[in-house]
Amino acid sequence: MSLSTISLRSLLLLSLLSLHVSLNAIQAQTYPPLVNGLSWTFHDFDCPNLESIITNRLRQVFQNDIGQAAGLLRLHFHDCFVQGCDASVLLVGSASGPSEQAAPPNLSLRQQAFRIIEDLRNRVHRQCGRVVSCADITALAARDAIVLSGGPAYEVPLGRRDGTTFATRNETLRNLPAPTSNTSVLLTSLATNQNLNATDLVALSGGHTIGIGHCTSFEGRLFPARDPTMDQTFFNNLRGTCPALNTTNTTVLDIRSPNVFDNRYYVDLMNRQGLFTSDQDMYTDSRTRGIITSFAVNQTLFFEKFVYSMTKMGQLNVLTGTRGEIRANCSVRNSGNDFLSLVVESQGGDLSGF
Ligand SMILES: *[C@@H]1O[C@H](CO)[C@@H](O)[C@H](O)[C@H]1NC(C)=O
Ligand SMILES: *[C@@H]1O[C@H](CO)[C@@H](O)[C@H](O)[C@H]1NC(C)=O
Ligand SMILES: *[C@@H]1O[C@H](CO)[C@@H](O)[C@H](O)[C@H]1NC(C)=O
Ligand SMILES: *[C@@H]1O[C@H](CO)[C@@H](O)[C@H](O)[C@H]1NC(C)=O
Ligand SMILES: *[C@@H]1O[C@H](CO)[C@@H](O)[C@H](O)[C@H]1NC(C)=O
Ligand SMILES: *[C@@H]1O[C@H](CO)[C@@H](O)[C@H](O)[C@H]1NC(C)=O
Ligand SMILES: *[C@@H]1O[C@H](CO)[C@@H](O)[C@H](O)[C@H]1NC(C)=O
Ligand SMILES: *[C@@H]1O[C@H](CO)[C@@H](O)[C@H](O)[C@H]1NC(C)=O
């Protein structure tokens with residue numbers, strides 16, 4: 001048997017194996033229907049190593065600092081909630097308009113997350129060429145952040161393209177409910193802006209099982225007096241971390257297992273140890289309380305609903321086909337884009353001339 005036959009056979013075997021694994025992962029979870037233009041196999045041929053490039057790199061990043069996982073997860077959330085998952089959250093301010101980064105919620109996003117995404121894009125494009133969007137890379141990075149922190153494994157449908165318009169400051173504020181919001185505000189915002197319901201709200205809030213919050217986001221629950229829905233001991237400890245208004249201190253969102261993606265966040269809420277009003281009020285509100293209890297007692301159920309809602313969220317107002325572009329730099333639009341998109345449309349989809 002020649003060497004090339006052996007390697008060809010093992011290659012075939014390997015690809016059959018990996019196909020098998022990914023089909024199993026798909027079947028193990030329940031997914032919402034895919035929107036037109038996204039698919040499970042979108043980059044299988046033009047960038048077969050896409051997922052391993054991202055996963056291998058992030059494994060190194062998280063070994064250094066697991067805190068980055070929460071930053072990457074939050075980046076995907078913020079991107080999808082404001083004008084859809086089109087990587088507009090990654091655009092830095094330019095003469096063309098204000099960027100999402102310049103609106104207040106940026107304060108809770110870790111700047112490092114932007115750099116990690118751009119580094120991943122660079123690695124992916126070096127190997128495959130400019131075929132994978134920053135929006136797809138952000139969605140895959142969020143998934144890996146979850147898996148590598150102990151959360152559920154799931155597949156991400158791909159084929160998103162990057163937006164060319166900035167979200168305005170007002171649009172950003174309207175779509176990202178503040179951590180001081182109550183459940184009514186959250187439910188209304190998610191229902192009207194994102195077509196997401198109470199189960200989605202509770203499941204997606206489970207992202208707070210990892211990451212940190214700033215004192216300024218919950219100090220209204222500490223001053224001038226304890227929010228009565230907050231546990232007394234939890235309050236005493238938080239007053240130590242945030243001794244006055246306006247400090248720049250931070251604390252963990254899930255006191256039971258701050259860096260592990262699990263269902264302990266819901267146990268925190270049942271013990272009145274949720275950090276933000278937007279967390280704790282879901283246990284006060286009768287429309288969401290039962291869902292919290294069901295996730296607190298059954299992690300499998302939480303993982304199942306989380307994957308479903310993440311996939312739903314990850315498809316919000318995506319740009320597909322010939323809409324949008326594949327950015328060559330995640331933080332800036334491609335130059336001459338107006339001209340390019342005209343050319344692309346008239347050619348009916350033969351994307352790259354170079
Ligand atoms: C974040 O937002 C604040 C206030 O809008 C702004 O001053 C700051 O420059 C922004 N930071 C980045 C990195 O964009
Ligand atoms: C943004 O919102 C503020 C306050 O709600 C409003 O006064 C302002 O006109 C809005 N700006 C734009 C461009 O819509
Ligand atoms: C929720 O917050 C909104 C806006 O602050 C307020 O109008 C509403 O009364 C609150 N609802 C409840 C049930 O507290
Ligand atoms: C939310 O929608 C999902 C389907 O997307 C459904 O299974 C679930 O029961 C709904 N939850 C509520 C509280 O209506
Ligand atoms: C929080 O901030 C205050 C004042 O900015 C500081 O004195 C205090 O040591 C900080 N506490 C913690 C736990 O970091
Ligand atoms: C908090 O600090 C900012 C500046 O960092 C200041 O504008 C604001 O007035 C302060 N708020 C309070 C309540 O001290
Ligand atoms: C937990 O949820 C899973 C998934 O819905 C379900 O199959 C299982 O029966 C539940 N376990 C218990 C103990 O209720
Ligand atoms: C990407 O764009 C940013 C913002 O203009 C710039 O600072 C950075 O150097 C660019 N990166 C590359 C690789 O060109």
Side-chain angles (χ1 to χ4, degrees), residues 27-31 87-102 106 111-127 129-130 132-134 137-138 151-154 162-164 166 173-174 176-193 198-199 201-203 206 217-218 220-221 227-230 262-263 266-267 274 276-309 325-337:
Q27 283 160 1
Q29 299 284 354
T30 309
Y31 296 92
S88 52
V89 74
L90 302 175
L91 293 171
V92 297
S94 81
S96 327
S99 80
E100 288 169 37
Q101 277 188 70
N106 79 339
Q111 292 308 305
Q112 192 65 22
F114 294 105
R115 287 192 210 116
I116 295 171
I117 295 292
E118 173 57 13
D119 170 60
L120 291 173
R121 182 212 55 73
N122 187 37
R123 288 164 190 270
V124 169
H125 287 188
R126 260 193 334 232
Q127 198 169 119
R130 183 156 60 87
V132 184
S133 69
C134 298
I137 290 171
T138 304
Y154 62 97
D162 298 322
T164 55
F166 296 91
L173 289 175
R174 192 170 58 77
L176 288 176
T180 51
S181 308
N182 62 31
T183 305
S184 292
V185 169
L186 293 169
L187 284 172
T188 305
S189 172
L190 258 63
T192 47
N193 300 325
T199 311
L201 169 63
V202 176
S217 301
F218 58 87
R221 304 185 67 206
D227 174 341
T229 68
M230 184 185 283
D262 56 17
N263 68 340
Y266 300 104
V267 178
F276 299 147
T277 299
S278 59
D279 297 314
Q280 193 59 52
D281 193 55
M282 291 191 301
Y283 192 65
T284 307
D285 195 299
S286 61
R287 292 167 292 182
T288 39
R289 185 180 184 124
I291 307 172
I292 287 169
T293 309
S294 70
F295 292 171
V297 301
N298 189 338
Q299 178 165 282
T300 309
L301 181 67
F302 163 50
F303 281 1
E304 198 176 284
K305 299 295 182 191
F306 181 81
V307 166
Y308 189 92
S309 297
E325 64 183 11
I326 306 293
R327 270 180 224 149
N329 175 337
C330 286
S331 50
V332 292
R333 304 186 291 194
N334 298 340
S335 56
N337 172 68

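One-based numbering along the sequence shown. Just so you know, ligand 1 is whichever comes first in the structure, and atom 1 is the first atom listed for that ligand. All heavy atoms count here, side chains included; hydrogens, waters and symmetry mates do not.
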Where at least one partner belongs to residues 279-288, residue pairs that pass salt bridge (charged side-chain N to carboxylate O under 4.0 Å, His left out), sequence neighbours excluded: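 Residue pairs with at least one partner in residues 279-288: Asp285-Arg287.
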Salt bridge (Lys or Arg N to Asp or Glu O under 4.0 Å) partners of Glu118, counting only residues at least two apart: Arg121
Atoms in ligand 3 with a heavy atom of Val185 nearer than 4.0 Å: 2 (O), 3 (C), 4 (C)
Ligand 3 atoms in contact with Asn182 (distance to a heavy atom under 4.0 Å): 1 (C), 2 (O), 3 (C), 8 (C), 10 (C), 11 (N), 12 (C), 14 (O)
Heavy-atom donor-acceptor pair, Ser181 side chain to Ala178 backbone, under 3.5 Å: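 Looks like yes, one N/O pair under 3.5 Å.
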Thr164 backbone acceptor or donor facing Arg333 side chain under 3.5 Å: yes
Identify all pairs of nitrogen or oxygen atoms, one from ligand 7 and one from the protein, separated by less than 3.5 Å, and list them with distances.
{"from": "ligand 7", "atom 1": "2 (O)", "to": "Asn298", "atom 2": "OD1", "distance (Å)": "3.3"}
{"from": "ligand 7", "atom 1": "2 (O)", "to": "Asn298", "atom 2": "ND2", "distance (Å)": "2.4"}
{"from": "ligand 7", "atom 1": "5 (O)", "to": "Glu304", "atom 2": "OE1", "distance (Å)": "3.4"}
{"from": "ligand 7", "atom 1": "5 (O)", "to": "Glu304", "atom 2": "OE2", "distance (Å)": "3.4"}
{"from": "ligand 7", "atom 1": "11 (N)", "to": "Asn298", "atom 2": "ND2", "distance (Å)": "2.9"}

Ser331 neighbourhood, listing ligand 8 atoms whose heavy-atom distance to it stays under 4.0 Å: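 Taking each heavy atom of Ser331 in turn, ligand 8 has 1 (C), 2 (O), 3 (C), 4 (C) under 4.0 Å.
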Closest non-hydrogen atom pair between Phe114 and Val89, with its separation: CE2-O, 3.3 Å
Min side-chain heavy-atom separation Arg221-Thr180 under 4.5 Å: no
Counterpart residues, side chain to side chain contact (heavy atoms under 4.5 Å, CB included), relative to Ala191 (two or more places apart):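 Per chain and number, Ala191 pairs via side chain to side chain contact (heavy atoms under 4.5 Å, CB included) with no residue.
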Distance-only N or O hit between ligand 8 and Asn329, under 3.5 Å: yes
Plane angle bin for Phe302 and Phe295 - parallel if under 30°, tilted between 30 and 60°, otherwise perpendicular: tilted
